[in-house]
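These notes are about the structure you will find just below.
Within every chain, numbering begins at 1; the chains are lettered A, B, ... in the order of the sequence lines, protein sequences first and strands thereafter.
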Number of protein chains: 4
Amino acid sequence: MKALVYHGPNHRAWEEKPQPTLLKPTDALVRISKTTICGTDLHIMKGDLPKVVDGRILGHEGVGVVLEAGSAVTNFKAGDRVIISCVTSCGKCPECKRGMPSHCADGGWILGYLIDGTQAEVVRIPHADGSLYPIPADVTDEEPLVMVSDILPTGFECGVLNGQIKPGDTVAIVGAGPIGLSALLSAQFYSPAVIIMVDMDENRLEVAKTFGATHTVTTNAAAKIMKITDGKGVDVAIEAVGVAATFQICQDIVAAGGHIANIGVHGHSVELHLESLWDRNVTITTRLVDTVTIPMLLKTLKSGKVKPAQLITHRFPLSEIMKAYDVFGNAAKERALKVILTN
Amino acid sequence: MKALVYHGPNHRAWEEKPQPTLLKPTDALVRISKTTICGTDLHIMKGDLPKVVDGRILGHEGVGVVLEAGSAVTNFKAGDRVIISCVTSCGKCPECKRGMPSHCADGGWILGYLIDGTQAEVVRIPHADGSLYPIPADVTDEEPLVMVSDILPTGFECGVLNGQIKPGDTVAIVGAGPIGLSALLSAQFYSPAVIIMVDMDENRLEVAKTFGATHTVTTNAAAKIMKITDGKGVDVAIEAVGVAATFQICQDIVAAGGHIANIGVHGHSVELHLESLWDRNVTITTRLVDTVTIPMLLKTLKSGKVKPAQLITHRFPLSEIMKAYDVFGNAAKERALKVILTN
Amino acid sequence: MKALVYHGPNHRAWEEKPQPTLLKPTDALVRISKTTICGTDLHIMKGDLPKVVDGRILGHEGVGVVLEAGSAVTNFKAGDRVIISCVTSCGKCPECKRGMPSHCADGGWILGYLIDGTQAEVVRIPHADGSLYPIPADVTDEEPLVMVSDILPTGFECGVLNGQIKPGDTVAIVGAGPIGLSALLSAQFYSPAVIIMVDMDENRLEVAKTFGATHTVTTNAAAKIMKITDGKGVDVAIEAVGVAATFQICQDIVAAGGHIANIGVHGHSVELHLESLWDRNVTITTRLVDTVTIPMLLKTLKSGKVKPAQLITHRFPLSEIMKAYDVFGNAAKERALKVILTN
Amino acid sequence: MKALVYHGPNHRAWEEKPQPTLLKPTDALVRISKTTICGTDLHIMKGDLPKVVDGRILGHEGVGVVLEAGSAVTNFKAGDRVIISCVTSCGKCPECKRGMPSHCADGGWILGYLIDGTQAEVVRIPHADGSLYPIPADVTDEEPLVMVSDILPTGFECGVLNGQIKPGDTVAIVGAGPIGLSALLSAQFYSPAVIIMVDMDENRLEVAKTFGATHTVTTNAAAKIMKITDGKGVDVAIEAVGVAATFQICQDIVAAGGHIANIGVHGHSVELHLESLWDRNVTITTRLVDTVTIPMLLKTLKSGKVKPAQLITHRFPLSEIMKAYDVFGNAAKERALKVILTN
């Protein structure tokens with residue numbers, strides 16, 4: 001089969017690889033129908049994640065059809081249409097049992113990272129019963145479902161749920177890339193009164209407005225947000241970039257009693273201003289997505305409460321994934337959010 | 001009347017001051033029976049809190065008897081025995097209504113800071129209905145009640161409640177001073193399995209053992225705690241010092257899915273290791289005590305579930321408060337925790 | 001002044017009454033701008049609430065302008081536009097401090113019940129600071145704000161919040177009168193996937209559809225709802241009538257792990273089927289509205305997340321309140337939901 | 001092998017049965033070390049649970065040693081010492097994933113009910129990875145662990161957790177049998193100030209006192225409890241019997257804002273006094289134990305925070321289980337709580 005393979009920093013290839021086989025009775029093989037590229041894949045390509053070895057097939061998102069299910073798989077059989085969770089969950093370890101499969105003892109985020117991933121014609125999914133979700137028979141459009149593998153639950157769980165957004169709240173989302181925008185979409189489940197999007201890219205802010213942002217801010221974000229909020233700051237600040245400057249904005253704008261929900265993948269430490277925050281009754285959270293909300297998100301998607309297809313800007317055949325990487329890697333210029341690759 | 005008065009950094013005096021009078025109909029005057037000295041008072045004496053003006057009477061803890069109640073005070077009348085909360089609560093502003101009087105629009109922590117405090121024979125308490133608590137008639141020992149003004153709710157609210165300690169949890173408390181020890185006492189309301197106290201002062205750790213600590217650690221705290229927890233880290237790390245090094249320990253030992261509850265008053269920023277914590281599903285909280293749990297704490301105290309008198313090591317007449325400050329300011333050598341000053 | 005006065009079962013009059021005066025320094029006098037009639041007022045007129053004495057001015061909802069504020073009132077002054085909460089809150093008792101002013105030691109629901117109410121030109125509001133809410137200067141349409149006195153927070157607090165509606169949930173609301181419809185409006189703050197309205201009145205169900213109901217049911221409600229939900233039942237069943245038959249429907253349709261949130265005012269006991277519910281992990285709640293969510297509701301209203309004006313079907317001058325009672329008392333025929341009375 | 005077999009109402013036998021074998025790769029066979037008898041077993045013997053067929057081996061509690069593990073079992077291997085949960089959990093269905101395995105699509109309570117149980121020398125455990133818990137190597141006394149199969153998590157989850165007991169609370173537990181007493185033991189994890197036990201059996205109330213009850217009540221329970229609580233009622237009322245009269249006591253004594261947590265297995269409906277409770281802001285819960293707290297309970301047990309061995313009053317060899325049933329079935333006279341049967 002063909003797959004997108006990592007060959008060290010800045011080297012990738014769309015090349016022939018042996019089709020995976022079942023290694024354990026809890027595995028399933030899934031023929032990919034649609035997959036996508038994540039910002040994390042770009043990080044891998046830059047060499048930022050040294051655990052990724054030469055020869056690894058990338059990708060941790062996708063929908064497909066079960067090709068073969070191991071003997072211990074009971075929720076799925078060949079022919080079933082499935083959503084692949086970016087997180088592998090054994091369902092048996094203490095972390096899975098407490099609802100935190102991101103730290104599963106035999107899983108977590110491994111797909112397209114420590115094991116071969118979904119940017120291929122076929123992928124092996126370990127612990128299939130815990131790591132795949134059935135596509136309802138009456139949902140025929142599979143493109144939006146690709147957003148349910150990672151990007152939508154990440155914005156929702158790490159940003160919206162951890163931020164504890166309530167009706168009437170004032171929310172700021174720092175970063176209007178796909179992650180920030182998915183937080184923006186899912187934040188609206190809880191009817192905040194004000195959602196301020198912060199980014200340096202005017203195009204993305206325009207998109208954010210069409211997605212439901214009530215305000216957008218570029219430069220001097222903290223000062224402008226304090227003005228918008230009459231000096232009170234925001235109830236919830238969501239960090240969706242992963243650098244010190246954006247985390248700093250969150251600290252500058254969080255109201256007393258408020259929340260900072262970090263989604264961004266940080267490569268360096270940041271300065272935490274406890275000298276001013278120690279008495280501000282704030283809560284700061286971090287989270288690797290658990291994807292435990294996929295069943296809930298499927299219900300909201302099916303009922304039209306969220307339309308993650310809004311995140312899709314480009315479409316390619318899977319065989320043109322090399323080109324898709326170029327487009328996605330040049331997101332600002334290409335005005336790219338999520339790309340859909342169809343097998 | 002006599003009072004302990006601040007006259008700039010390192011200058012204090014026990015001197016004659018005019019007895020306070022009612023300024024608003026919501027005020028009450030309270031004749032102090034017993035008061036104490038807080039670590040924050042030492043910070044003030046060092047000049048760390050520049051908002052404290054020359055001439056200010058210090059102190060924000062105490063029990064006493066109502067001398068006179070303003071016309072709008074309905075919960076209290078002259079002769080009532082009361083506990084004074086360190087936090088003034090108007091009960092009417094949005095922050096008070098949401099249960100966060102630490103940020104009351106006309107209160108918060110002002111006593112012995114922005115207005116005259118409790119280290120005096122008489123103190124004026126604004127918003128008396130929200131800032132005083134009645135002493136139950138059958139509670140005759142007033143010494144433990146002084147601990148309810150600040151130290152016990154601070155350890156409980158900022159450390160234990162914000163840390164969300166659950167039965168069976170593994171908890172580390174970094175700092176075994178009065179605040180850390182009050183967190184230790186109130187942590188036991190929730191029956192954690194393991195409580196590890198960290199401090200450099202062996203004497204305080206000995207005290208901690210008698211208070212219920214299951215383990216004590218001095219040097220190389222993080223490494224030792226990881227060993228005690230079989231490499232998993234702690235469910236809850238409580239920071240009870242207020243410097244970068246102790247906050248670092250908390251970051252080093254918190255388990256995936258765990259909590260860091262900051263109590264310490266920090267004078268400087270700290271380094272937050274988001275490069276390792278971003279995917280660890282941790283929650284970090286800060287809080288200025290709200291004292292909203294005083295009614296709950298009174299019930300636990302009355303029923304013997306907590307014995308805050310354990311924190312009391314020294315007693316003086318109020319008139320010897322100058323000497324008491326010397327003892328408390330030399331806590332390690334004097335083996336001092338809380339001192340009781342009786343008027 | 002003129003007021004709507006209760007003179008025993010089935011006797012009411014629009015008659016001259018002395019204008020109220022301040023009785024306590026915490027009181028305020030409010031000149032009514034707009035008021036309305038509640039289903040509870042009809043219950044009073046039937047004699048169902050024997051504590052209401054002959055001569056009582058009815059009404060517990062309204063907006064107006066402060067005429068005079070007592071000396072201890074600090075949040076309001078003459079000329080301020082205010083929303084009157086149906087619940088009086090002293091802000092000082094244990095119940096108010098724990099966020100449950102419905103059971104305030106010196107308040108709760110007393111307006112138009114135990115003391116004179118809002119269906120008058122002027123009303124005296126005890127504990128004005130806790131019982132009035134300021135109308136934001138930029139909100140000029142006062143009609144929707146009358147809904148914030150009682151009907152909207154009742155549907156929201158007793159139905160939606162107590163029912164713990166989550167995104168993607170399946171919800172049934174039994175009763176499509178003003179209370180059930182206000183639950184329907186505010187349920188959508190949390191983006192449930194399915195909202196089934198149950199009523200015998202086809203007109204009200206038509207209204208419910210325009211308000212966001214996804215399904216409507218009349219006869220054989222339980223069986224139909226089980227079919228709609230593929231035999232699983234609903235996550236949340238909201239009882240908005242107050243009789244045994246509707247509470248029975250809720251028991252019949254609640255899913256394992258689900259919630260029954262009672263809003264209805266019941267005159268009689270009901271049969272609780274613990275023989276079938278004991279192992280179903282259900283939660284049943286009751287609540288007298290606390291109106292603690294008024295600040296939150298004002299934010300959602302101002303931002304357009306909820307449009308309670310949808311509940312208004314009729315308008316009268318206050319002087320025609322006798323006629324308004326006739327219309328509202330004949331709601332099904334008149335297709336009446338809420339009536340607005342303008343002073 | 002030998003087993004205790006149900007042969008229709010009032011007929012049981014200790015007789016030879018074929019040793020079970022693995023039926024699915026997720027099964028495990030466990031050689032019973034210790035088991036016990038539950039009140040539910042007595043209900044089965046009376047014929048109250050018609051789904052139990054002639055020939056069924058009873059019993060849903062026990063500890064033992066894994067004899068053989070199916071090929072898909074990964075958490076356990078032959079020789080491992082285990083606690084058997086009374087609830088079978090597949091870990092893969094929506095109910096298991098949401099933490100409610102009591103309603104597992106392929107499990108729930110089936111052991112000794114719909115499939116053969118633990119009152120035998122060997123038992124087959126379906127979905128072993130989700131339904132067994134490892135016994136820590138340093139825990140050598142297995143008797144208390146038998147209490148972790150059902151009785152302790154039932155009191156804790158259905159009574160204490162659902163009742164949301166907080167430090168300082170006033171709690172009443174109606175019924176001082178093994179279930180009520182296990183609620184009493186585990187209630188103390190949360191440091192309530194007052195625990196009132198209600199029962200008609202003075203012996204059991206004496207036991208309750210030694211277990212930590214602060215008050216005991218026999219006749220006229222509601223009136224006496226209202227007196228003890230100064231007319232306020234209790235924060236949490238736990239029903240641990242399962243008849244109308246005891247549920248009535250709970251309704252009579254619950255304070256405004258309080259909780260009624262039902263544990264009892266009810267055979268008939270009860271009268272719910274919504275005419276007086278509708279405005280009392282109460283929460284009523286039901287629950288079949290999920291046993292999801294077994295890991296937490298093991299930590300508390302290991303650290304000495306709870307000592308469930310206190311519930312054990314009698315010990316027999318497993319071969320004398322017929323006699324043990326007689327003793328347990330005559331609990332009041334025999335002063336029996338839990339009996340231990342050793343294989």
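- The distance from the NZ atom of C:K299 to the CG atom of A:D235 is 5.5 Å, given to the nearest 0.5 Å.
- Of all heavy-atom pairs between A:P167 and C:M296, the closest is O-CG, 3.2 Å.
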- Message: A:F189 vs C:Y190, test: side-chain contact (heavy atoms from CB on, under 4.5 Å). Steps then yes/no.
- Response: CA-CA 6 Å; A:F189 289 152; C:Y190 294 97; over 6 Å; no
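- Within a 6.0 Å sphere centred on NZ of A:K224, other residues, nucleotides and ligands contribute more than 12 heavy atoms.
- Proximity to chain C (any heavy atom under 4.5 Å) is restricted, for A:P192, to the backbone atoms N, CA, C and O.
- Contact record, A:Q188 with C:S191: O-OG, 3.9 Å, taken as the closest heavy-atom pair.
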